[in-house]
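Everything below concerns the one structure shown next.
Every chain is numbered from 1 and lettered A, B, ... according to where its sequence line falls, protein lines coming before strand lines.
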Protein chains: 2
Amino acid sequence: MENKEMQIIDDIMNRMIQKELQPGEKLPSENKLADKYRVPRITVRNALLKLEDRGHIYSVQGKGRYLKEESIQVQLPLTGSTSFTEKMESMGYDYCTKNIDFTLVPYNSKIYSHLQASESDIVYRIGRIRYINKEPIAIHYSYVKEVTFPTIQKDGPNINSMFAYYRKHGINEFTSKQTLLSVTFPTLEEQKLLACKSMVPLMVVETDSVDKETDILLEYTKIIYRSDRFKYDITIND
Amino acid sequence: MENKEMQIIDDIMNRMIQKELQPGEKLPSENKLADKYRVPRITVRNALLKLEDRGHIYSVQGKGRYLKEESIQVQLPLTGSTSFTEKMESMGYDYCTKNIDFTLVPYNSKIYSHLQASESDIVYRIGRIRYINKEPIAIHYSYVKEVTFPTIQKDGPNINSMFAYYRKHGINEFTSKQTLLSVTFPTLEEQKLLACKSMVPLMVVETDSVDKETDILLEYTKIIYRSDRFKYDITIND
DNA sequence: ACACAGCAACTTGGCAACAAGTTACGATAG
DNA sequence: CTATCGTAACTTGTTGCCAAGTTGCTGTGT
């Protein structure tokens with residue numbers, strides 16, 4: 001029989017789902033598991049390293065391996081036109097956000113075409129990290145043309161909520177033309193920002209935001225979520 | 001500086017995105033890369049093994065490592081009430097589907113509660129695999145109560161399209177109460193069915209299907225997509 | 001000139017021995 | 001009795017060496 005490693009991963013994952021293994025619990029040592037599954041130690045070790053990369057367990061040299069403490073899984077409405085902050089607050093989460101950058105974006109065909117911007121347009125990126133229970137759970141980038149909001153350079157660094165900023169400019173209802181969703185793995189930088197391991201999948205949601213009244217394109221948005229922190233609600237309703 | 005391994009992964013991934021590395025191309029050997037990045041061979045090796053697990057490269061002992069051939073990425077509308085088959089055909093893909101199982105489902109609190117079924121109800125699972133260009137891209141499970149369609153046991157094994165089956169029963173318009181989306185890794189069985197490596201993330205879409213006219217619950221659906229084959233369109237429109 | 005065997009130099013794959021860190025416990029000294 | 005130190009037995013982490021597979025060149029015989 002091939003692929004003992006994957007069988008071990010399946011077995012341990014099942015035990016975690018069935019609650020046979022509890023959060024915080026210590027796993028048997030590599031040697032004990034190797035005896036149990038009748039495989040070389042290295043096979044068990046590789047399986048455990050993968051589980052660690054996925055963020056399910058952690059190890060302490062000389063002590064052993066432990067299941068991570070269970071962390072929240074948030075049911076997040078991906079659709080709908082209310083702001084992220086409002087969604088979170090209406091669900092009663094300990095939620096906060098932190099601005100991480102406000103920079104001029106060098107010309108980039110993908111972003112510029114999304115914004116329907118010409119090469120001579122000036123585009124800024126507003127980046128922030130969203131936290132639930134003090135844990136980072138998403139990176140949120142807003143790309144805005146200077147033409148659309150001429151005072152953006154001055155306002156930018158102090159914007160806490162783009163929605164609030166738009167309301168201040170008399171825009172109250174938003175819609176979007178297209179929302180795309182894909183799955184990636186974190187770069188080294190994203191791992192640092194989101195405090196996650198290299199094999200935690202990220203969900204990337206890209207959309208445009210349009211003033212419902214005037215149909216003017218406001219921004220191009222890219223949100224990068226830790227996929228292990230959410231069950232996404234994509235119900236279409238109302 | 002820590003985490004050389006991740007820096008190597010980032011670098012190779014960037015080169016792939018920038019098309020500096022072409023599909024099918026042979027990568028430098030572990031030793032050459034170790035020299036280039038000034039790290040021990042084992043570090044390069046671990047980075048390459050992760051890229052292999054993610055499905056980006058493959059290796060041949062004695063020969064070397066190669067970039068996988070580029071495969072299609074389909075833009076898939078996740079929302080909307082047309083059937084999967086219709087979506088695919090309207091987009092002109094070489095699409096087909098294969099029934100893989102029709103079985104009685106032993107009592108399971110999660111599935112039964114989704115179906116609003118009591119413990120004495122009989123529930124069947126219809127499983128099929130969906131292919132694009134002969135490549136498996138999704139596993140589709142439909143859970144149906146016998147009460148809803150009394151002849152399901154007889155019909156089941158020959159059902160090619162659930163939507164067609166419902167239409168035969170006079171149901172023409174469908175809707176759903178809630179659609180949830182999450183990300184997981186494949187079990188060993190799912191790896192075999194979807195012909196993918198252990199670290200290819202899967203997108204799981206769970207929904208109920210309701211007859212729009214009578215509001216009767218028809219089925220509970222669970223679709224498991226290979227996340228590397230799609231960009232999902234979750235635009236809410238019309 | 002050509003065919004072929006054999007060898008050398010490369011590739012990736014696997015593993016065993018060793019290193020490093022933690023804990024538990026018992027001997028020993030005060 | 002108590003405190004402390006040392007050691008042995010465990011844990012996970014690292015690495016260097018050799019096995020296995022492929023390629024290509026070179027020498028040899030025809």
Is the backbone N or O of [Y] less than 3.5 Å from a side-chain atom of [X], with the two atoms forming a donor-acceptor pair by type?
X      : Y      : answer
A:Q73  : A:F230 : yes
A:D208 : A:K177 : yes
A:Q116 : A:S113 : no
A:Y112 : A:D121 : yes
A:R226 : A:L194 : yes
A:E135 : A:I132 : no
B:S176 : B:S209 : no

### B:G64 vs A:G62, nearer the 5' end of DNA chain C by closest nucleotide
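The residue mapped nearer the 5' terminus is B:G64.
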### Query
Does any residue of residues 32-61 of chain B have a heavy atom under 4.0 Å from DNA chain D, and if so, which ones, in number order?
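Those residues are B:Q61.
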#### Entry: Side-chain N or O of B:K63 closer than 4.0 Å to phosphate OP1/OP2 of D:dT23
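Yes, within the criterion.
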### Message
With a cut-off of less than 4.0 Å, is there a side-chain N or O of B:S29 near OP1 or OP2 of C:dT11?
### Response
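B:S29 to C:dT11 OP1/OP2: side-chain N or O found under 4.0 Å.
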### Candidate nucleotides C:dG13, C:dT11, D:dG13, ranked by approach to the side chain of A:E30 - the nearest
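Of all the options, the side chain of A:E30 is nearest to D:dG13.
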### Query
How close or far is atom P of D:dT11 from atom CG of A:L27, stated in whole angstroms?
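Atom-to-atom, A:L27 to D:dT11, this comes out as 13 Å.
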### Message
What is the distance, to the nearest angstrom, from the OH atom on B:Y66 to the C1' atom on C:dT11?
### Response
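To the nearest whole Å, that distance equals 9 Å.
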Pairs of donor and acceptor atoms involving the side chains of residues 55-64 of chain B, under 3.5 Å and at least two apart or interchain, shall be tabulated with distances.
none

### Task
Note the angle between the end axes of the helix from C:dA1-D:dT30 to C:dG30-D:dC1, five pairs defining each, rounded to 10 degrees.
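It works out to 40° between the end axes.
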